[in-house]
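The chains referred to below are lettered A, B, ... by the order of the sequence lines, with proteins before strands, and numbering in each begins at 1.
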Protein chains: 2
Amino acid sequence: MARTKESYHHGDLANALLGAAGSLLAEGGARPLTLRAVARRAGVSAMAPYRHFADREALLAAVAADGFARLAAALETGAEGATPGERLFNAGLAYIRFALTNPALYRLMFGPDLPDKGRHPVLVDNGAAALAACRRLVGACADGETPPEAIERRTAAKWAQVHGIAGLMLDGLLDDLPDDVEGRVAVAGGILAADGA
Amino acid sequence: MARTKESYHHGDLANALLGAAGSLLAEGGARPLTLRAVARRAGVSAMAPYRHFADREALLAAVAADGFARLAAALETGAEGATPGERLFNAGLAYIRFALTNPALYRLMFGPDLPDKGRHPVLVDNGAAALAACRRLVGACADGETPPEAIERRTAAKWAQVHGIAGLMLDGLLDDLPDDVEGRVAVAGGILAADGA
DNA sequence: ACCTGAACACCGTTCAAGT
DNA sequence: ACCTGAACACCGTTCAAGT
């Protein structure tokens with residue numbers, strides 16, 4: 001555990017690479033997030049990352065997996081309120097706030113830069129954890145008679161609802177949006193309420 | 001008009017390039033959709049596309065704009081039913097069917113390969129046309145007393161709902177999905193209905 | 001075990017040139 | 001007006017080599 005080797009140049013290159021990748025992503029999106037640029041920023045040779053990640057996609061998957069973990073956490077802490085319905089609603093706003101605050105990360109998590117996500121187990125696991133958080137919030141709104149399939153469908157519907165709003169907002173496809181994140185979250189709340197949130 | 005020049009090699013290189021780009025996109029997504037590959041497939045030198053498109057992003061935008069036009073058309077023809085509510089519901093299924101049938105195109109239209117879509121006027125126009133179709137379907141469900149802002153919010157909610165379902169399905173993030181498109185569309189219908197479609 | 005350097009087959013894009 | 005060819009600065013990835 002206390003193996004801070006500092007051997008060649010780094011003691012913990014894998015994490016340094018992840019950090020560099022995160023900054024590059026936040027700065028300019030996935031395109032400039034290049035294996036060579038990450039290596040450069042970590043102060044290491046262009047080929048060093050290959051000791052820690054199989055290829056570029058594996059590095060992207062690791063960044064995205066961390067994003068799913070952070071999203072799940074944001075859902076948990078955002079789910080405040082007196083009733084289950086309120087908690088679900090506020091978790092939805094937290095979801096959208098996460099997307100608007102971390103646009104490039106959110107697009108990496110869901111966009112086409114990570115095709116066949118099934119091939120990255122850590123991605124599947126963390127994504128499932130986020131989905132489970134959502135399912136729990138939806139389930140708390142149902143009574144004991146509600147069959148599991150109905151819960152599952154409602155969970156998918158809720159997730160899709162906030163996911164869709166976040167995506168359209170990130171794409172600039174909704175008219176007359178405020179410039180600041182909280183203003184947009186408020187608009188999102190209105191859209192959610194319009195459909196019987 | 002009848003200027004089929006056939007001058008150098010092509011009479012209509014711009015359209016030939018668009019066609020080649022469409023095939024490449026359908027075959028392997030946006031990444032192999034490279035300016036040089038498009039030129040190759042059109043049988044023209046690597047630099048020829050620059051006479052017709054400012055850069056790679058402009059070509060992608062043209063492909064995506066055509067996708068928005070086709071999506072709007074799919075919404076129109078899909079909007080069948082005895083009541084406005086039924087027509088809206090079926091248009092939603094048509095939306096999701098379009099996404100599942102043209103996954104790479106759909107991701108190009110909405111994904112991060114086309115950042116700041118505002119800079120491609122043809123994209124904005126065709127996107128607005130698709131949104132208008134959606135708004136019309138939603139508006140037909142409202143009575144005369146409904147204020148325009150409510151229509152706008154409901155339109156955004158409906159669009160986000162189907163957009164979110166399509167996105168999650170394309171990402172393989174929904175469990176236990178059938179393999180065929182129509183089976184998935186049926187599941188989508190169940191999810192839509194679960195939320196009070 | 002971890003990192004480097006040279007090399008290969010690609011890209012997007014610019015510029016000068018051809019017809 | 002439209003197309004080509006050479007060139008530049010990048011990529012991802014492989015392989016042999018260093019410590």
Side-chain angles (χ1 to χ4, degrees), chain A residues 1-21 23-25 27-64 108 112-116 119-120, chain B residues 1-21 23-25 27-64 108 112-116 119-120:
Chain A
M1 293 257 181
R3 277 264 219 95
T4 30
K5 293 172 73 176
E6 200 80 31
S7 58
Y8 227 64
H9 283 107
H10 267 275
D12 190 9
L13 183 53
N15 274 324
L17 293 170
L18 276 177
S23 331
L24 282 167
L25 180 66
E27 286 164 24
R31 212 164 61 228
L33 172 30
T34 187
L35 227 30
R36 291 175 111 112
V38 167
R40 243 172 350 243
R41 185 161 294 201
V44 93
S45 94
M47 300 309 114
Y50 281 98
R51 291 295 129 189
H52 301 273
F53 299 97
D55 51 22
R56 176 171 184 266
E57 206 176 297
L59 174 59
L60 293 184
V63 173
L108 174 66
D113 289 302
L114 244 23
D116 39 313
R119 293 194 50 199
H120 306 281
Chain B
M1 291 262 182
R3 277 266 218 93
T4 31
K5 292 172 74 176
E6 200 80 31
S7 57
Y8 227 63
H9 282 106
H10 266 276
D12 191 7
L13 183 52
N15 274 325
L17 293 170
L18 276 177
S23 331
L24 283 167
L25 179 66
E27 286 164 25
R31 211 162 64 227
L33 171 31
T34 187
L35 227 30
R36 289 174 112 113
V38 168
R40 241 171 352 243
R41 185 162 292 204
V44 91
S45 93
M47 300 309 113
Y50 281 98
R51 290 297 128 190
H52 300 273
F53 299 97
D55 50 22
R56 177 172 184 266
E57 206 176 295
L59 174 59
L60 293 183
V63 174
L108 175 65
D113 289 302
L114 246 21
D116 39 313
R119 292 194 51 200
H120 305 281

Under 3.5 Å, which donor-acceptor pairs link side chains of residues 29-43 of chain B to any protein atom two or more places apart or in another chain?
residue	atom	partner	partner atom	Å
B/Arg41	NH1	B/Glu27	OE2	2.8
B/Arg41	NH2	B/Glu27	OE1	3.1

Q) At under 4.0 Å, does any side-chain N or O of A/Arg40 touch on OP1 or OP2 of D/dC11? A) yes
Q | Verdict with reasoning, A/Asp116 to A/Arg119, per side-chain contact (heavy atoms from CB on, under 4.5 Å) | A | CA-CA 6 Å; A/Asp116 39 313; A/Arg119 293 194 50 199; 3.1 Å; yes
Q: Return the value, rounded to whole Å, for the distance between atom CZ of A/Arg51 and atom P of D/dT14.
A: 11 Å
Q. Can you name the closest pair of heavy atoms from A/Pro112 and B/Asp113 and give their distance?
A. CG-OD2, 3.8 Å
Q. What residues form a side-chain hydrogen bond (donor to acceptor under 3.5 Å, both in side chains) with B/His52, not counting sequence neighbours?
A. none
**Q.** A/Asn15 CG - C/dC2 C1' separation (whole Å)
**A.** 16 Å
Q) Where is the tightest heavy-atom contact between A/Pro115 and A/Glu57, given as atom of each residue plus distance? A) O-OE2, 3.8 Å
Q: Dot-bracket for DNA chain C, please, read 5' to 3', with Watson-Crick or G-U wobble pairs under 3.5 Å on both distances, ( ) within the strand, [ ] crossing, | other strand, . unpaired.
A: ||.|||||...|||||.||
Distances under 3.5 Å between nitrogen or oxygen atoms of protein and nucleotides 6-8 of chain C:
none

Q: Measure from CG on A/Leu33 to P on D/dC11 and round the result to the nearest Å.
A: 11 Å
Q.
Whether A/Tyr50 contacts D/dT13 is assessed here as follows: a side-chain N or O lying under 4.0 Å from the phosphate OP1 or OP2. Is that the case?
A. yes
Q) Mind checking what makes side-chain hydrogen bond (donor to acceptor under 3.5 Å, both in side chains) contact with B/Asp55, not counting sequence neighbours? A) none
Q | Nucleic acid contacts of residues 52-62 of chain A, taken as heavy-atom distances under 4.0 Å to DNA chain D | A | A/Asp55, A/Arg56
Q. Atom CZ of B/Arg31 and atom P of C/dC10: how far apart are they, to the nearest Å?
A. 15 Å
Q: Figure out the CG/C1' separation between B/Leu17 and C/dG12, and round it to whole Å.
A: 15 Å
Q. Distance check: side-chain N/O of A/Thr34 vs OP1/OP2 of D/dG12, anything under 4.0 Å?
A. yes
Q. Tell me: CG of B/Asp113 to C1' of C/dC11, nearest whole Å?
A. 15 Å
Q. To the nearest angstrom, how far is A/Leu13 atom CG from C/dA1 atom P?
A. 17 Å
Q: Mind running side-chain contact (heavy atoms from CB on, under 4.5 Å) on B/Phe53 and B/Leu18 for me, showing each step along the way?
A: CA-CA 10 Å; B/Phe53 299 97; B/Leu18 276 177; 4.1 Å; yes
Q.
Looking at every heavy atom in both B/Leu17 and B/Pro49, which two are closest together, and how far apart are they?
A. CD1-CA, 3.8 Å
